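Worksheet for the structure shown next.
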Amino acid sequence: MAAKVRVRFAPSPTGYLHVGGARTALYNFLFARHHGGEFILRIEDTDLERSTEESMRMQIADLKWLGLTWDEGPNPETLKDMGSFGPYRQSQRKHIYMEHAERLIAQGKAYYDFRTDEELEKAKEKAISEGKNAQVETPVAIVSPADAKKRIAAGESAAIRYRVTERKDYVLNDLVRGEVRFPSDMIGDFVCIRSNGMPVYNFCCVVDDALMQITHVFRAEEHLSNTLRQMMLYEAFGYALPQFGHLSFILGEDRQKLSKRHGATSCNDYRLKGYLPEALNNFILLSGWSSPKGDEIMSREEQISQFTHERFIASPAVFDNVKLEWMNSMYLRALPHDELWRRTEPFLKEAGIELPMASDPEWRDQALGVFKTKMQTLLDAATWFLPLADSKFVIREEANEVYAWPEASKVLHSWKSQLSKHNGERLSEAEFDALQDAVKTEAGVKGKQLFMPIRVAVIGQPHGAELKILVPLLPKSSLLK
RNA sequence: GUCCCCAUCGUCUAGAGGCCUAGGACACCUCCCUUUCACGGAGGAUACAGGAGUUCGAAUCUCCUUGGGGACGCCA
């Protein structure tokens, strides 16, 4: 029987979760759930300069928002480790990496490197000028481990570098790309442990994946060439290689890697713009993977049951905000009204829109019934609910044209007088119909000339939902401005 | 520069040699519904990067070219 599937998502905490990272997390999560395996969250915070505790919290919050849950790693609430393969933060695993590095040194597979950046840079330039690859060569005389320790004790610092000696092709059977062949002379000696004692990505990634018994590694394509170094390390340690799958990139419209220049790129950006996590989830699922059944809108259950690595797409995907908007509107509409209201409310509040009548569930139900097909994002709710907020009423620019119609003043005059005859706080749909008929007769105006001025009087703009639906949603006092 | 990856409508994609006069989705256009805006319904336009091969037959296999991306960090 095959070993239980164990996959991980290993972000470096340097800001909000990027949509590309979110997709990697989603794929790993779905793969684990599909196979009844485990999904592990590991924090790759070995870059002391850029990693922050705050970023880690942000990333965890974003993963939670997306509804991705992990079985091992920092507890989403307490941040304390869950699972028995911890610690799950690389900054807390230094001793493990050091022990591994020393193992390599003892075997002569790695060495202490006292060379300075300047020296290495010089050597690199020389290599290039000689038409050779710009890679770090093994020094002519390697400092013996014993001497190195003395020098370090005396205050010098050294990196630990892996010594590439094998001259052969490494063959990777990538789950996304098929067979990929790396000639070992592609790379020079590479750093495992920095001179400050922190390990580098390629090193801790191997140690952790092996020790955490990771079976499958799905990660972005940028790591494809890194895999050669990692394969060398797996070999050196005698650890079994996991299965790798290198995912294509998500690009911006200009076909460049998605970055800040492209506007929204983090999950948090999309949350703030009023996108539902379900929609963002579903959308990123489909850029880089396709359903074997050709489905587009998929529930989490369907995603899990259909998710296999055969459906990964090797070519990069351009992020299409327009399609995301469509998907978001589909999810918006599918939400039960009380849930939709719960999610809409904060956005209305943020926009300063107060709706006294919203305390009435029936009112909310009616209003959402009208507006939900017009909203693309929760943020849009503000535009639609705005005319219903008494204090925010404004006559829009485009409405002036309607008011300038010769019939408009007749209609409005009649509307006002008919309205004053009506008793009660609100008009029902039937009452409005009757009232509109009366205006029609009194003013002698019909069609567009009739209802557009009324609409402007009611919501401040010539276009919008049907009046007979809109009017019952408003108190009589605000039907005429 | 060296090495690696990628290449089907504007975009996401289906397609694993004949089922392809290339299918779906978003967007776009037209019409229908509608006293506006939307929703909904019915249609439409639009793609195999180029060139050589292999084959009776190629979007699918091979090679080359071109284009895009990545790695070559004591970033991840």
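None of these values were measured; they are calculated from a predicted model. Reckoned from all heavy atoms, side chains included, excluding hydrogens, waters and symmetry mates. A note on names: the letters A, B, ... follow the listed sequences, proteins ahead of strands, and every chain is numbered from 1.
- When the side chain to side chain donor-acceptor pair (under 3.5 Å) test is applied to E156(A), the partners found at least two apart in sequence or on another chain are R151(A).
- Taking the charged nitrogens against the carboxylate oxygens, D433(A) and K468(A) have no contact shorter than 4.0 Å, which rules out a salt bridge.
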Between N or O atoms, less than 3.5 Å apart, protein on one side and nucleotides 71-74 of chain B on the other: list the pairs.
{"residue": "A71(B)", "atom": "O4'", "partner": "S225(A)", "partner atom": "OG", "Å": "3.1"}
{"residue": "C72(B)", "atom": "O2'", "partner": "A134(A)", "partner atom": "O", "Å": "3.4"}
{"residue": "G73(B)", "atom": "OP1", "partner": "K124(A)", "partner atom": "NZ", "Å": "3.4"}
{"residue": "C74(B)", "atom": "O3'", "partner": "R194(A)", "partner atom": "NE", "Å": "3.3"}
{"residue": "C74(B)", "atom": "O2", "partner": "S195(A)", "partner atom": "N", "Å": "3.1"}
{"residue": "C74(B)", "atom": "O2", "partner": "S195(A)", "partner atom": "OG", "Å": "2.9"}
{"residue": "C74(B)", "atom": "N3", "partner": "S195(A)", "partner atom": "OG", "Å": "2.9"}

Per-nucleotide protein contact string for nucleotides 42-47 of chain B, where B marks a base within reach and S marks sugar-phosphate only (heavy atoms under 4.0 Å, - for neither)
------
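- In this structure, W384(A) places its CH2 atom 15 Å from P of U36(B), rounding to the nearest Å.
- The salt bridge (charged side-chain N to carboxylate O under 4.0 Å, His left out) test applied to R167(A) returns no partner, not counting sequence neighbours.
- A side-chain donor-acceptor contact under 3.5 Å links Q230(A) and N202(A).
- Between C3(B) and U13(B), the distance separating the two P atoms is 29 Å to the nearest Å.
- Considering F39(A), F307(A), F9(A) in turn, F307(A) is the only one that fulfils the ring-ring contact (aromatic ring centres under 6.0 Å, His included) rule with Y27(A).
- A59(B) sits 25 Å from G67(B) when the P atoms are compared, rounded to a whole Å.
- Looking only at side-chain heavy atoms (C-beta outward), D47(A) and S12(A) stay at 4.5 Å or farther from each other.
- Classification of C12(B) as anti follows from a glycosidic angle more than 90° from 0.
- For K374(A) against C39(B), a side-chain-to-base donor-acceptor contact under 3.5 Å is absent.
- Using a 4.0 Å heavy-atom criterion, one finds that A465(A) contacts the bases of the nucleic acid, with or without backbone contacts as well.
- Proximity of R333(A) to the phosphate of G40(B): a side-chain N or O atom is located under 4.0 Å from OP1 or OP2.
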Between the protein and nucleotides 28-35 of chain B, list every N/O to N/O distance that falls short of 3.5 Å.
none

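- Taking atom CD of residue E49(A) and atom C1' of nucleotide C75(B), one finds them 10 Å apart after rounding to whole Å.
- Judged purely by atom type and a 3.5 angstrom limit, N28(A) uses its side chain to pair as donor or acceptor with the backbone of T24(A).
- Comparing the P positions of U62(B) and A22(B) gives a spacing of 25 Å, expressed to the nearest Å.
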What string of B, S and - do you get for nucleotides 5-15 of chain B, 5' to 3', when a contact is any protein heavy atom under 4.0 Å?
BSS---BBSSS
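- Listed by chain and residue number, nothing satisfies the salt bridge (charged side-chain N to carboxylate O under 4.0 Å, His left out) test with E102(A) (two or more places apart in sequence, or in another chain).
- R333(A) meets the salt bridge (charged side-chain N to carboxylate O under 4.0 Å, His left out) test with no other residue; sequence neighbours excluded.
- With sequence neighbours left out, Y270(A) forms a side chain to side chain donor-acceptor pair (under 3.5 Å) with N321(A).
- For K122(A), the side-chain contact (heavy atoms from CB on, under 4.5 Å) criterion is met by no residue, not counting sequence neighbours.
- Not counting sequence neighbours, the partners of T138(A) by the side chain to side chain donor-acceptor pair (under 3.5 Å) test are D189(A).
- By the side chain to side chain donor-acceptor pair (under 3.5 Å) test, Y331(A) pairs with N282(A), sequence neighbours left out.
- The distance between atom CG of L467(A) and atom C1' of A38(B), rounded to the nearest whole Å, is 14 Å.
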